[in-house]
Amino acid sequence: MNILNTFSLEGKVALVTGAAYGIGFAMAEAFAQSGAKIAFNCRGQEHMDKALADYKQKGIDAHGYICDVTDEKQVQQMVADIEEELGTVDILVNNAGIIKRVPMCDMSVDEFRQVIDIDLNAPFIMSKAVIPAMIKKGHGKIINICSMMSELGRETVSAYAAAKGGLKMLTKNIASEYGEYNIQCNGIGPGYIATPQTAPLRELSEDGSRHPFDQFIISKTPQARWGTPEDLMGPAVFLASDASNFVNGHVLYVDGGILAYIGKQPK
């Protein structure tokens with residue numbers, strides 16, 4: 001056996017939610033480079049058109065579907081369409097998510113529910129939609145995009161932390177319930193990644209100095225930098241491939257060492 005062959009995704013169908021840009025786009029690109037056929041969703045046609053153009057520019061024949069991942073009927077229809085056009089979904093990445101940075105006592109119940117619905121309920125709906133065909137086929141890979149907030153709390157992200165903590169446990173439960181069918185469900189917990197979602201935290205002040213939170217993250221990360229979407233490509237291919245066939249219920253934190261680091265002693 002050539003070990004490099006176990007990382008191949010040749011002929012596999014990969015569905016990456018929210019892969020119009022950022023982390024999801026990078027993972028989809030990595031899967032395509034490894035031989036997979038790519039499917040992704042957007043909620044609106046404008047984002048879809050831009051994403052398809054971006055994939056085309058990369059030389060990737062991606063297949064886009066308009067779908068709200070919190071709507072079970074839409075999800076079931078999308079999965080059926082993918083199966084008809086590309087084949088059974090072999091790899092599902094639950095990447096779509098939102099964050100609302102609002103102090104808990106200032107956050108409305110509706111805002112809290114919206115974050116939970118997209119970041120936790122949607123992965124449940126998506127996974128439920130693809131697992132039966134994975135069981136029938138005899139294999140499957142589900143990757144949930146968790147977060148360091150699956151382990152830690154921080155000011156202003158109560159809903160996000162609650163959702164990502166729940167997603168970590170959903171990951172473990174899917175692994176527990178469906179491992180016997182050769183389905184591996186794992187998570188990736190990104191650290192602070194330089195994406196449009198985190199752009200406000202990296203903006204320079206008027207005097208050219210770094211945002212205080214930017215300084216904070218650099219000081220807390222042993223590698224002294226933000227991550228990039230490309231940093232997620234290798235871990236994603238590993239968890240999507242046969243190389244990880246005995247890895248199940250695990251969350252792989254790609255955080256530059258933040259969770260392992262107590263921080264520097266104040267001078």
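Quick note: numbers below take in every heavy atom, side chains included, and nothing from hydrogens, waters or symmetry partners.
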Within the distance-only criterion (no hydrogens, no angle test), does the side chain of Asn248 pair as donor or acceptor with the backbone N or O of Cys185 below 3.5 angstrom?
yes
Report the distance from atom OG of Ser147 to atom CG of Leu152, rounding to the nearest 0.5 Å.
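It is 8.5 Å, given to the nearest 0.5 Å.
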Is a salt bridge present between Asp231 and Arg225, judged by a nitrogen-to-oxygen distance below 4.0 Å?
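A salt bridge is present here (some side-chain N lies under 4.0 Å from a carboxylate O).
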Kindly work out whether a path of hydrophobic side-chain contacts (I/L/V/M/F/W/Y, heavy atoms less than 4.5 Å apart) joins Met107 to Ile116.
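Met107 and Ile116: one cluster.
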Side-chain ion pair, Lys58 and Asp54, N-O less than 4.0 Å:
no
Locate the shortest heavy-atom distance separating Lys220 from Gly263; write the atom from each residue and the value.
NZ-CA, 4.4 Å
Taking Asp119 for its side chain and Ile98 for its backbone only, find out whether a donor-acceptor pair lies under 3.5 Å.
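Flag set: sc Asp119 to bb Ile98 pair under 3.5 Å.
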Can you name the closest pair of heavy atoms from Leu92 and Met134 and give their distance?
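Shortest heavy-atom contact: N-CE, 4.3 Å.
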State yes or no: do Tyr181 and Ile143 share one hydrophobic cluster built from I, L, V, M, F, W and Y residues joined by side-chain heavy-atom distances below 4.5 Å, directly or via other members?
no
Could you report the tightest heavy-atom contact between Pro123 and Asn144, atom names first, then the distance?
CB-OD1, 4.2 Å
Can you confirm whether the side chains of Tyr65 and Glu85 place a donor and an acceptor under 3.5 Å from each other?
yes
Between Asp68 and Arg43 (salt bridge meaning N to carboxylate O under 4.0 Å), is one present in this structure?
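Salt bridge between Asp68 and Arg43, a charged N being under 4.0 Å from a carboxylate O: yes.
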Separation of Glu230 CD from Leu232 CG (nearest 0.5 Å):
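Spacing of CG (Leu232) from CD (Glu230) equals 9.0 Å.
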What's the shortest heavy-atom distance between Asn41 and Cys67, and which atoms?
ND2-O, 2.9 Å
Could you check if a side-chain atom of Asp49 sits within less than 4.5 angstrom of a side-chain atom of Gln45, using non-hydrogen atoms only?
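In contact.
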Atom OG in Ser241, atom CG in Asn5: separation rounded to 0.5 Å?
11.0 Å
Students often mix this up, so state it plainly: with edges at 30° and 60°, are the rings of Phe216 and Phe213 parallel, tilted or perpendicular?
tilted
Under a 4.5 Å side-chain heavy-atom rule over Ile, Leu, Val, Met, Phe, Trp and Tyr, are Ile218 and Leu259 clustered together?
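Yes, because Ile218 and Leu259 connect within a single hydrophobic cluster, where side-chain heavy atoms sit under 4.5 Å apart.
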Checking Glu151 against Lys168 for the salt bridge (Lys or Arg N to Asp or Glu O under 4.0 Å) test, could you report, in this order, the C-alpha distance in whole Å, the side-chain angles of both residues, the deciding distance, and whether it holds?
CA-CA 9 Å; Glu151 301 289 343; Lys168 176 183 73 172; 3.4 Å; yes
Tell me, yes or no, whether the heavy-atom count around His47 atom NE2, taken from other residues, nucleotides or ligands under 6.0 Å, exceeds 12.
no
Drop me the distance from Thr171's OG1 to Leu167's CG, to the nearest 0.5 angstrom.
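Rounded to the nearest 0.5 Å, the OG1-CG separation comes out at 4.5 Å.
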When Ile23 is tested against each of Thr228, Ile193, Val93, Val254 for side-chain contact (heavy atoms from CB on, under 4.5 Å), which residue passes?
Ile193
Below 30° counts as parallel, above 60° as perpendicular, anything between as tilted: where do the rings of Phe40 and Tyr55 land?
tilted
Could you please spell out the steps behind the side-chain contact (heavy atoms from CB on, under 4.5 Å) verdict for Arg154 and Met149?
CA-CA 8 Å; Arg154 186 172 63 76; Met149 296 302 108; 4.1 Å; yes
Would you say that Lys100 contacts Val157 through its side chain, given a criterion of any heavy-atom pair below 4.5 Å between the two side chains?
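When only atoms from C-beta onward are counted, Val157 and Lys100 do not touch, as no gap falls below 4.5 Å.
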Between Ile99 and Val115, is any pair of side-chain heavy atoms under 4.5 Å apart?
no
Hey, does Trp226 have a side-chain heavy atom less than 4.5 Å from the side chain of Leu201?
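Yes, their side chains come closer than 4.5 Å.
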Can you measure from NZ (Lys73) to CD1 (Ile125) and round to the nearest 0.5 angstrom?
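That separation rounds to 12.5 Å.
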Quick one: do Lys137 and Asp90 make a salt bridge, cutoff under 4.0 Å?
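Result for this pair is yes, salt bridge flagged.
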Assess whether atom CZ of Phe124 is packed by more than 12 heavy atoms of other residues, nucleotides or ligands within 6.0 Å.
no
Is any side-chain N of the basic residue among Arg101 and Glu155 closer than 4.0 Å to the acidic one's carboxylate O?
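Between Glu155 and Arg101 there is no salt bridge, as every charged N stays at least 4.0 Å from the carboxylate O atoms.
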Keeping the roles fixed (side chain from Ser244, backbone from Val247), state whether a donor-acceptor pair exists under 3.5 Å.
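Such a contact is absent between Ser244 side chain and Val247 backbone.
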Are Ile66 and Met48 close enough that some pair of their side-chain heavy atoms sits under 4.5 Å apart?
yes
Among Asn186, Asn182, Asn245, whose side-chain hydrogen bond (donor to acceptor under 3.5 Å, both in side chains) with Lys141 holds?
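Single side-chain hydrogen bond (donor to acceptor under 3.5 Å, both in side chains) partner of Lys141 among Asn186, Asn182, Asn245: Asn245.
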Would you kindly confirm whether Val130 and Ile91 end up in one hydrophobic cluster when ILVMFWY residues are joined by side chain heavy atoms under 4.5 Å apart?
no
Asp81 versus Leu86: any side-chain heavy-atom pair under 4.5 Å?
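No, their side chains stay 4.5 Å or more apart.
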Can you tell me if Tyr178 and Gln184 form a side-chain donor-acceptor pair at under 3.5 Å?
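Not at all, the side chains of Tyr178 and Gln184 share no donor-acceptor pair under 3.5 Å.
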Shortest non-hydrogen separation from Ala20 to Cys42 and the atoms involved
CB-SG, 3.8 Å
Describe, in one word, how the ring planes of Phe238 and Phe7 are oriented to each other, choosing from parallel (under 30°), tilted (30 to 60°) and perpendicular (over 60°).
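Answer is tilted, since the angle falls between 30° and 60°.
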May I have the step-by-step check of side-chain hydrogen bond (donor to acceptor under 3.5 Å, both in side chains) for Asp110 and Gln114, ending in yes or no?
CA-CA 6 Å; Asp110 285 343; Gln114 183 187 18; over 6 Å; no
Atom CE of Met169 and atom NZ of Lys164: how far apart are they, to the nearest 0.5 Å?
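With rounding to 0.5 Å, CE (Met169) is 15.5 Å from NZ (Lys164).
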Pair Glu72 + Lys128, salt bridge at N-O below 4.0 Å
yes
Any side-chain heavy-atom pair from Glu29 and Ile60 closer than 4.5 angstrom?
yes
Out of curiosity, does Leu9 fall in the hydrophobic cluster containing Ile38 (side-chain heavy atoms, cut-off under 4.5 Å, transitive links)?
yes
Run the numbers on Ile188 and Leu239 for side-chain contact (heavy atoms from CB on, under 4.5 Å), then give the verdict.
CA-CA 9 Å; Ile188 292 178; Leu239 291 179; 3.6 Å; yes
Give the minimum heavy-atom separation between Thr17 and Ala96, together with the two atoms involved.
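Reported closest heavy-atom pair: OG1-N, 2.9 Å.
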Given the rule in the side-chain contact (heavy atoms from CB on, under 4.5 Å) test, do Thr195 and Tyr21 qualify, once you have shown the distances and angles that lead to the verdict?
CA-CA 9 Å; Thr195 66; Tyr21 60 88; 6.0 Å; no
Would a 4.5 Å heavy-atom cut-off, applied to side chains only, mark Thr88 and Val13 as touching?
no
Working note: Glu83 + Met78, criterion side-chain contact (heavy atoms from CB on, under 4.5 Å); need CA distance, chi angles, decisive distance, verdict.
CA-CA 9 Å; Glu83 289 180 350; Met78 175 177 67; over 6 Å; no
